[in-house]
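Only a predicted model underlies this, so the values are computations on that prediction, with no experimental measurement involved.
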Amino acid sequence: MICALGSAVCFGTASVFQAVAARTTAPGTDSGVDPRLLLRALSQWRYLLGLALDGVGFVLELVALRVLPIYAVGAALAATLAVTAVVAAPVLHTRLRPAEWGAVGVVCGGLALLALSSGAQGHLRGTPELRIGVLAFSLAVLASGALAGRLPDRARAATLGLGAGLGFGVVEVAVRLIDDFALPSLLTNPACYALLIGGGAAFLLLTSAFQRGSVTTATAAMVIGETIGPALVGIAWLGDRTRPGLTPLTALGFALAVAGALALARFGEAPAEVEGEPRSADEREGRRTRPVGDP
């Protein structure tokens, strides 16, 4: 659980730097999946710092996923938004309202309940069909980004964010499906390829979501995608269980952690201006955004 929470700290801090870098990167094509956007973001030190933190967080996540049920790790990763909110206050000069401090407390309380009630990791290693299914799903996540480019702005941000969350969820499940780390086994295990494709697709879609639409909307969708689906897979196919008699407490802890994270979704948003750069695509092109209710 310490590794899972350490992973959340790394990911939450990284998201602050990556959101800033993505929103100040020049837009490319109108496609939902734009590899050149990711390459341009990589030229910024903030994004590279975020990637370094993501690397450390990923290692900690792998350790946690080898021991804890997926639902416990997923809820801990949802706490990245609580970390982002706290980090954003001094770094981006934002201010947490009392209700948002309450949401941070709700996340922490939910994680405490999970720590008390979650059982050992499930003993099932998954079937060959599940491994192939996870690989196919990772390819579908990548393809969804191209389709998202044709959606209106708000729907596009939500779709890209959800796709990114599902991609991160693929990583969580794929780690549990890798039970032999010998090179021949890794090369013949579909879950290894699912991990690489799902993780790469998640980063690509999330970077596009940060740059192309409401990051708050995208972040909330991402939290849903990376927590609920993988938790259900862990319970249904991998044998994840709670401690005897504590299933309601686990469900409550999971719900509190995710709900608190969703309440903090706005902290995925970049600040209004960074080093003099306008934040949105409309502002970059000199267009005035009409206030809500303006005729």
Side-chain angles (χ1 to χ4, degrees), residues 8 11-25 27-35 37-38 40-41 46-47 50-51 54 57 74 77-85 87-88 92 94 100 103 140-171 198-230 258-272 274 278-284 289:
F11 290 148
T13 305
S15 68
V16 175
F17 295 104
Q18 290 171 333
V20 171
R23 296 304 292 270
T24 57
T25 299
T29 67
D30 289 332
S31 172
V33 177
D34 182 6
L37 172 62
L38 184 57
R40 289 191 295 274
R46 293 183 186 87
Y47 200 86
L51 282 182
D54 280 333
L77 294 181
T80 57
L81 286 175
V83 175
T84 298
V87 172
L92 303 181
T94 60
E100 289 164 341
V141 168
L142 183 60
S144 70
L147 298 176
R150 301 183 175 89
L151 297 174
D153 288 345
R154 188 174 181 83
R156 178 167 59 184
T159 303
L160 290 173
L162 180 61
L166 294 174
F168 289 130
V170 165
V171 172
F203 272 111
L204 185 57
L205 296 182
L206 189 58
T207 302
S208 297
F210 279 168
Q211 200 274 338
R212 297 176 185 281
S214 168
V215 182
T216 300
T217 300
T219 304
M222 180 191 71
V223 169
I224 293 173
E226 73 177 346
T227 53
I228 298 177
V258 174
L262 292 175
L264 294 166
R266 78 177 183 92
F267 285 96
E269 194 78 58
V274 179
R279 182 175 65 182
S280 68
D282 284 346
E283 291 169 330
R284 279 193 293 271
T289 302

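- Distance check, rounded to the nearest 0.5 Å: OG1 of Thr219 to CD1 of Ile224 gives 11.5 Å.
- The CG atom of Leu206 lies 9.0 Å from the CD atom of Glu226; values are rounded to the nearest 0.5 Å.
- Going from atom CG of Leu204 over to atom CG of Leu142 covers 7.0 Å, rounded to the nearest 0.5 Å.
- Taking all atoms of both residues into account, the shortest heavy-atom contact from Thr227 to Ala78 is CG2-CB, 3.9 Å.
- The nearest pair of heavy atoms linking Ala158 to Ala221 is O-CB, 3.4 Å.
- Nearest approach of Gly260 to Ala103, heavy atoms of both residues: O-CB, 3.9 Å.
- Atom CD1 of Ile228 and atom CG of Leu166 lie 10.5 Å apart (nearest 0.5 Å).
- A side-chain donor-acceptor contact under 3.5 Å links Thr84 to the backbone of Gly12.
- To the nearest 0.5 angstrom, Phe168 atom CZ is 9.0 Å from Leu205 atom CG.
- The heavy-atom pair separating Ala14 from Gly50 by the smallest distance is CB-O, 3.2 Å.
- Distance CZ/Arg46 to CG/Leu51: 14.0 Å, rounded to 0.5 Å.
- Looking at Phe11 and Val83, their side chains never come closer than 4.5 Å, going by heavy atoms from C-beta outward.
- In terms of heavy-atom proximity, Ala261 sits nearest to Leu81 at O-CD1, 3.1 Å.
- Minimum interatomic distance between Gly225 and Leu162 (heavy atoms only, all atoms of both residues): CA-CD1, 3.8 Å.
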